[in-house]
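Okay, structure first, notes after.
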Amino acid sequence: MNASQTISRIRNIGIVAHIDAGKTTTTERILYYTGKAYKMGEVHEGTAVMDWMIQEQERGITITSAATKCHWGDCDINIIDTPGHVDFTAEVERSLRVLDGAVVVFCAVAGVQPQSETVWRQANKYRVPRIAFVNKMDRVGANFDRVVTQISERLQSKPLPIVMPIGSEDSFAGHVDLVTMQAHIWALGEDKTLGSEFKKCEIPAELAEKAKEARGHMLETLSTFNDELLEILLEDKEVQETLVRKVLREATVKNQVIPITCGSAFKNKGVQDLLDAIVAYLPSPLDIPAAIGYKRDTHEEVQIPADPEAPFAALAFKVATDPHVGKLVYLRIYSGGIESGKVVFNINRAGRKERIGRLLQMHANQRQDLPSAQAGDIVAVVGMKNVATGETLAVDPEYVTFEKITFPETVISVAIEPKTQADLSKLTEVLTALMDEDPTFKAKIDSETGETLISGMGELHLDVIVDRITREFGVKASVGKPQVAYKEGITSSARGESRYERQIGNKAQFAHVVLEVKPLERAKGFRFENRARDENIPAKFVSSVEKGCQDAMNDGILAGFPVVDVDVVVTGGSFSETDSSDVAFKIASYEAMKVALRAAKPVLLEPFMKVEIETPEQYMGDIIGNMNSRRGKVINMEMRDDIRIVECHSPLSDMFGYSTQLRSLSQGRASFTMELLHYDEAPKSVVERILGVFGYGQPPQQMIAGDQ
């Protein structure tokens, strides 16, 4: 078999979904039926292979994305099981960045849930073809058709059922395969084969007409993408199964349709057909568009096809710390091949050399040595010293770079203090390792208080990090209460100017910068433009001016929080042939920026969260009243069977401890999810409280917009 045939038989897929939809249980069944695991692991018992971290087993949730490889039919399937909790959304982001396809799991009762929407948007961003698996068809309230409708309406997609369920709830027995027009029946009640054996038979007579209609709808939808199929349907001829599969695969790979299958992973039904669909309809590395790289100097796009004969190029999409082998770097190889012991270059770090000590095939936290790997493979590497998430590795030090992975901002922080001097040095090492692992985890020393602050995506995220610091790495430390990560913004345009003239040692320093700032829309970040003429500020100093502006934004005007959403235009300045330097221009631009920010009516910004609450109707009044007391606004309400879904927007600072209160208000029957919506201006009462807390006293009237 030649190399391209080998690549055509690889499927790199992720299992993604809202928390508790059944991702890990589905993955465990896949491992059992493909022979990768000899027994089924269960999440609720803490025996799931893919949930190997002690924190995952205790909480019954997935925290880190675990990779494995299995074989089905004639294909090798690389699987990444991702977390469903919004605090660990970075794990989903970086997995989808390197995967060719995804299986999105939906609960047949709850349907499209908040995190389902988030992962769907992430998959849209990277144009990942996907299949949907409607799980938990055996649960009370399961409704396959309603989930299909929600995928269409709420996710703005084109779902295409390729199966029709036989029964639901207690009577769920299997489904009709609309491609082959056969019924697949699993045993009801106790099944000694654990779902390994099922019966393929004729469609039950009472479902024959409905199945014919469902197949007609499927073929009609597919005919809009293929003229040959359309012609056969217009002539009323029999459609061959091979043509249906071919058109369905093409439409799925192009993201024109989402094939929908169903089952009950926990009850061992429907997983083999999901595996068949993965192999038949999701793309190989050869089916997707070539990866895009960018030249370092010109940022020109370059296509990198999945060719095993081309030079080696890979993206490091995850870094992990393994207690037995040290730093593990997970790679998606896009072109060429690699062997252990070879030297490669980190393109993002000026072509720094890195040696591939060992190549490993990962199975959750178990490792298997590999002699080599090629384009299309997902492997882990031991031996690399300075590689971070999103960096490009290649055999040519002048190679292009892949686009980096972007991650959401941290919104919550806590102070952590080591108990002894020995713990202090150990803590520094551990925090550095954890920041390498998790791009949404940040640690810094507060310049005002000298405290070490660690920041993350939510209370659960920080809880898990602290647990790992103390238990996994053995650092004794005490932790403060969670704090909100506030930011600062500006509300008007302003001008800033600074002339820096200083004698340092025997050398005179001179720089003069004039700039203007104006507010950008929320979440637009920082924009820099140089309009100064070359005779005022030479081009070689412009990058120092930009760096000085960014440094000034890192510690704000009101309370030292980072300033965001600012447009900076350098309009003029002057320099000295003999005395100007990069340092002088950096300092001058820093001071000019501070002057401009003070004059631009700075405001305090606080994170607002999108909160979605699921509750029985009798607790609605108390829950909405409680949300109003937390400065929350009810945006939308809808009814799903006997459950009310309430969508609210609320400031994060008022949401601490909400899970406990929600349980007491609803006798433990309500649940909620929360994710960052945007940063918005904090009300005057919050500003006064924060500025008082940070020792700035009552701020001058002109410093808070709207107080004129």
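Scope of the values below: all heavy atoms of this structure, side chains included, with no hydrogens, waters or symmetry mates.
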Next item on the list: Apply side-chain contact (heavy atoms from CB on, under 4.5 Å) to L315 and L331, showing your working.
Entry: CA-CA 6 Å; L315 181 74; L331 299 181; over 6 Å; no
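- Contact check on E403 versus R97 returns no salt bridge, with no Lys/Arg side-chain nitrogen under 4.0 Å from an Asp/Glu carboxylate oxygen.
- With respect to the salt-bridge test (charged N to carboxylate O, under 4.0 angstrom), the residues K342 and E354 do not qualify.
- Without hydrogens or angle criteria, S580 side chain to E577 main chain gives no donor-acceptor distance under 3.5 Å.
- Among the candidates I15, T34, T26, I278, the single residue satisfying the side-chain contact (heavy atoms from CB on, under 4.5 Å) test with I79 is I15.
- In this structure, K594 pairs ionically with D555, as a charged nitrogen and a carboxylate oxygen lie closer than 4.0 Å.
- In this structure, I13 CD1 and L282 CG are separated by 6.5 Å, a value rounded to the nearest 0.5 Å.
- For K487 and Y679, the positive end sits near the middle of the six-membered ring, less than 6.0 Å away and at most 45° from its axis.
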Next item on the list: Take F312 and D396, measure what side-chain contact (heavy atoms from CB on, under 4.5 Å) needs, and give me the verdict at the end.
Entry: CA-CA 8 Å; F312 168 78; D396 177 1; over 6 Å; no
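- Ion pairing of E529 with R527 is absent here, as no side-chain N (NZ or NE/NH1/NH2) approaches a carboxylate O to less than 4.0 Å.
- Because its NZ or CZ atom is not both nearer than 6.0 Å to the ring centre of W72 and within 45° of the ring axis, R11 does not count as a cation-pi partner of that residue.
- When all heavy atoms of A277 and I131 are compared, the pair lying nearest together is O-CD1, 3.4 Å.
- Once rounded to the nearest 0.5 Å, the distance linking CG of D287 with CD of E250 reads 10.0 Å.
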Margin query: Before you tell me yes or no, could you show the steps for E93 and Q122 under side chain to side chain donor-acceptor pair (under 3.5 Å), namely the whole-Å CA-CA distance, both residues' side-chain angles and the distance that decides it to 0.1 Å?
Written below: CA-CA 6 Å; E93 184 82 28; Q122 288 170 311; 3.0 Å; yes
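- Note: I469 CD1 to L431 CG = 5.0 Å, rounded to the nearest 0.5 Å.
- Judged purely by atom type and a 3.5 angstrom limit, S589 uses its side chain to pair as donor or acceptor with the backbone of V545.
- If you take CG on N346 and CE on M384, they are separated by 8.0 Å, rounding to the nearest 0.5 Å.
- One N or O on the side chain of H71 and one on the backbone of G73 form a donor-acceptor pair closer than 3.5 Å.
- Side-chain atoms of E391 come within 3.5 Å of backbone atoms of A388 as a donor-acceptor pair (strictly under, hydrogens ignored).
- Under a 3.5 Å cut-off, the side chain of D377 and the backbone N or O of Q374 do form a donor-acceptor pair.
- Between D551 and K547 there is a salt bridge, with a side-chain nitrogen of the basic residue lying less than 4.0 Å from a carboxylate oxygen of the acidic one.
- Between P311 and V395, the shortest heavy-atom contact is CB-CG2, 4.0 Å.
- For the residue pair E417/T452, the side-chain donor-acceptor check at 3.5 Å is not satisfied.
- Distance check, rounded to the nearest 0.5 Å: CD1 of I10 to SG of C75 gives 9.5 Å.
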Checklist line | Worked check of side-chain contact (heavy atoms from CB on, under 4.5 Å) between F510 and S581 | finding: CA-CA 7 Å; F510 176 83; S581 66; over 6 Å; no
Notebook entry, point to check: Given the rule in the side-chain contact (heavy atoms from CB on, under 4.5 Å) test, do I356 and L359 qualify, once you have shown the distances and angles that lead to the verdict?
Noted result: CA-CA 7 Å; I356 294 188; L359 274 174; 4.0 Å; yes
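- Cation-pi contact between R332 and Y334: present, with separation from the ring centre below 6.0 Å and deviation from the ring axis of at most 45°.
- Between the side chain of K540 and the main chain of I537, no donor-acceptor pair closer than 3.5 Å is present.
- Between the CG atom of L99 and the CG atom of N12 there is a distance of 6.5 Å, given to the nearest 0.5 Å.
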Note to self: Does N124 form a side chain to side chain donor-acceptor pair (under 3.5 Å) with R130? I'd like the steps, not just the answer.
What the structure shows: CA-CA 10 Å; N124 285 343; R130 62 216 89 142; 2.9 Å; yes
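- Of the charged side-chain nitrogens involved, none lies within less than 4.0 Å of a carboxylate oxygen, so that D76 and R9 do not count as a salt-bridged pair.
- Taking the six-membered ring where tryptophan is involved, the planes of F541 and F585 are essentially parallel, since the angle between them stays under 30° and well short of 60°.
- In this structure, the side chain of T392 engages the main chain of F402 through a donor-acceptor pair within 3.5 Å.
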